[in-house]
Amino acid sequence: MPLRVYNVLHREKVDFVPIHEGKVNMYVCGPTVYDHSHLGHAKSYISFDVIVRYLRFSGYDVLYVQNLTDVGHLLESGEDRILKKARQASATPMQIVETYARSYFADMDALGVVRPDISPRASAHVPEQIEMIEVLIEKGHAYVAEDAVYFDVTSWREYGKLSNRRLEEQETGSRRLKGSGKRNPEDFALWILAPEEHILQWNSPWGRGYPGWHIECSAMSRKYLGETFDIHGGGIDNIFPHNECEIAQSEAANGVPFANYWLLVGTLTVDGQKMSKSLGNYTTIKDALARYRPEVIRTFIFQSHYTNPIDFSDEALQAAERGWERIVGAVRLTRDKLRDAPDQGENTFADVLSAHRAQFVAAMDDDFNAPMALAALQTLTGEVNKLLNSGEVINKPTLAAIEATYSELGGQVLGIVPQGDAHSIDMKLTDGLIRLLIDVRKQARAEKNFARADQVRDQLKALGVLLEDRADGTTYRLE
RNA sequence: GGUGGUGUGGCGAAGUGGAAACGCGGUGGUCUGCAAAAUCACUAGGCACGGGUUCGAUUCCCGUCACCACCUCCA
């Protein structure tokens, strides 16, 4: 079955056909690094993480580019947000950029988000942006005003095609014309001339200044992925004006289509309202990670389709946590039994595994339907638990096949099943010591010395080690 | 005002023109020294509301209402 994706550009679900067979070139709008990231960013980048992981799992060679915006992203006041932060922190702009770029990567690493292959920065691609602006001016799609170089939206008939906006139907605030050399209110800045005291500025054919926000994505995607590439991703909240401007600039400059497929992620909300800096209703990723495991945050996000909004609450996270625990509980038990299972025998569970794998793959092939894929893992977990609790001896080939299925689908693709077998010396030692204590407690229980047995269990619990007695022995898990 | 989207059980959330996934929660069993986990059964007679098409609609069409996002900085 072919992979199908919902292409926002045409508002329909279509078969995914890459430009070059077996190869996917993909660009996702990255963050502006002027503050710590919050869970809204997590939803976006975890969603694309799974898209990239699944494409690779499906055999595609993916080149994943995600930019870092470190210049040109202006506040409503017209002030560059990086500069504002730098002034507040009495730091240089590049210190701010470096600080928060590192923070961003640290957060993404902690969430298990696979790093993009290339993370280009806007400030490091000024020549490429200038070059593109020059082409736009030559072709009559941009003009030089006294304060900036603007893209002339009336020169590009298709402007608005992604977001279905018609210029004449928009509420055009007069504010946007105030004090600028724009010909049309919807014209947007490609290059902004900087006053002398402005800290971030470069030489350009039009005078010293800095690039506008939108041009960076056009210039950098072209540089690394070509004039036409396969997938462009981002948050739905940036469909206008940012994504719209990108398309217009790129197609006007290059004369060929920009991205073939547009995949946009729904918003993370809090009490139905978008999580955002300006509303102040945000939870940083660092704060969230202090309360929930990364796998739990991922599971929470996978419980709704990436295109839909999802509402954040502690209740929802806790529900996700319980659901996640059920899955990894089965995995833990499987790995535990694998330690001393008989080698002989055939995989008697192959049919169940392949049926659930097929469900999982069918779900993901249908526009990366993670909620449905997760459901397949959940029903598989029911089957696995039944098998493991049946009281029968299960052979190694069967257990290994179960383990491999979870590691592949739940681990490699979704990133919610941690790797087994901690190989570090510390973990081996810890594991050995815990098992030693389990043996000691077993002895006490055999002697009906329940006080001693409970003491071992209670003290281990205080250390975050939870013991679970089963008919076939005691297992443990770390809190 | 324009554009796009959403409205499904106590909560979260999939999905389909022909008996409503999955998870959480709840109730009652089983297992168990206790605890924890697991497991079994039950838990929406209806999918915002009103029309229409159809043998049949939650699913398609029209209308209405509500909420959200974007049109102004945010993935």
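Note that the coordinates shown come from a computational prediction; the quantities given were computed from them, not determined experimentally. Below, each value reflects all heavy atoms present in this structure, side chains not excepted, and no hydrogens, waters or symmetry copies. Each chain gets a letter, A, B and so on, in the order its sequence line appears, and its residues count up from 1.
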Starting at the 5' end of RNA chain B, write a dot or bracket for each base, bracketing those in Watson-Crick or G-U wobble pairs whose two distances are under 3.5 Å and using | for partners on another strand. (((((((..(((.....[...)))((((((.......))))))....(((((..]....))))))))))))....
Taking for each residue the nucleotide of RNA chain B with the nearest heavy atom, is it A:I310 or A:T307 whose nucleotide lies nearer the 5' end? A:T307
Please identify which of these residues, A:V352, A:L409, A:I327, A:N385, meets the side-chain contact (heavy atoms from CB on, under 4.5 Å) condition with A:L380. A:V352
Could you state the atom-to-atom distance from CG of A:L268 to P of B:rU6 in whole Å? 18 Å
Please say whether the positively charged group of A:R183, taken as NZ for Lys or CZ for Arg, lies over the ring of A:Y150, i.e. under 6.0 angstrom from the six-membered ring centre and within 45 degrees of the axis. no
State, without any angle test, whether A:D431 and A:Y476 hold a side-chain donor-acceptor pair at a distance under 3.5 Å. yes
Positions of residues 294-304 of chain A (non-hydrogen atom under 4.0 Å from RNA chain B), listed by number: A:Q303, A:S304
Please check the phosphate of B:rC70 (OP1 and OP2 only) for any side-chain N or O of A:K274 closer than 4.0 Å. yes
Is a side-chain donor-acceptor pair under 3.5 Å present for A:E246 with A:N243? yes
Side chains of A:S163 and A:E244: donor-acceptor distance under 3.5 Å anywhere? yes
Please confirm whether A:Y261 and A:H232 have ring centers closer than 6.0 angstrom. no
For a quick test of reading the model: is some side-chain N or O of A:Q318 closer than 4.0 Å to OP1 or OP2 of B:rC24? no
Specify the separation, in whole Å, of atom CD of A:E186 and atom C1' of B:rC70. 12 Å
Roughly how many Å apart are B:rG10 and B:rG46, using the P atom of each and rounding to a whole number? 13 Å
If I pick the P atom on B:rC40 and the same atom on B:rG23, what distance separates them, to the nearest angstrom? 10 Å
Would you say B:rG15 has OP1 or OP2 under 4.0 Å from some side-chain N or O of A:N369? yes
Closest listed nucleotide, where the reference is the side chain of A:A375 and the choices are B:rA75, B:rA14, B:rC22: B:rC22
Honestly, is A:K277 close enough over A:Y282, meaning NZ or CZ under 6.0 Å from the six-membered ring centre and within 45° of the axis? yes
Going by an N to O cut-off under 4.0 Å, is there a salt bridge joining A:D152 and A:K182? no
Whole-Å C1' distance, B:rU8 and B:rA66: 16 Å
Look at A:R357 together with A:E408 and state whether they make a salt bridge at an N to O cut-off of under 4.0 Å. yes
Classify the ring geometry of A:Y210 against A:H198: parallel below 30°, tilted from 30° to 60°, perpendicular beyond 60°. parallel
Could you state the atom-to-atom distance from CD1 of A:I82 to P of B:rC74 in whole Å? 12 Å
Could you work out which one of B:rA75, B:rG5, B:rC74 sits closest to the side chain of A:R11? B:rG5
Without decimals, in angstroms, what is the distance between A:D311 CG and B:rU6 C1'? 12 Å
Provide, to the nearest angstrom, the distance between the CG atom belonging to A:L374 and the C1' atom belonging to B:rC24. 12 Å
Please determine whether a side-chain nitrogen of the Lys or Arg among A:D35 and A:K85 lies less than 4.0 Å from a carboxylate oxygen of the Asp or Glu. yes
Between A:T69 and A:E216, do the side chains contain an N or O donor and an N or O acceptor separated by less than 3.5 Å? yes
Charged N to carboxylate O below 4.0 Å: is that the case for A:E251 and A:K161? yes
In B/S/- notation, 5' to 3', how is nucleotides 32-39 of chain B contacted by protein heavy atoms closer than 4.0 Å? -BBBBSSS
Taking the C1' atom in each of B:rC47 and B:rC55, what is the distance between them to the nearest angstrom? 22 Å
Can you check the A:D366 CG to B:rU16 P distance for me, whole Å? 7 Å
Report the distance from atom CE of A:M372 to atom C1' of B:rU8, rounded to the nearest whole Å. 15 Å
Residue pair A:G40/A:Y6 against RNA chain B: nearer the 5' end by closest nucleotide is A:Y6
Spacing of A:I239 atom CD1 relative to B:rC74 atom P, expressed in whole Å: 14 Å
Quick one: is A:N308 getting a side-chain N or O under 4.0 Å of the B:rA14 phosphate, OP1 or OP2? yes
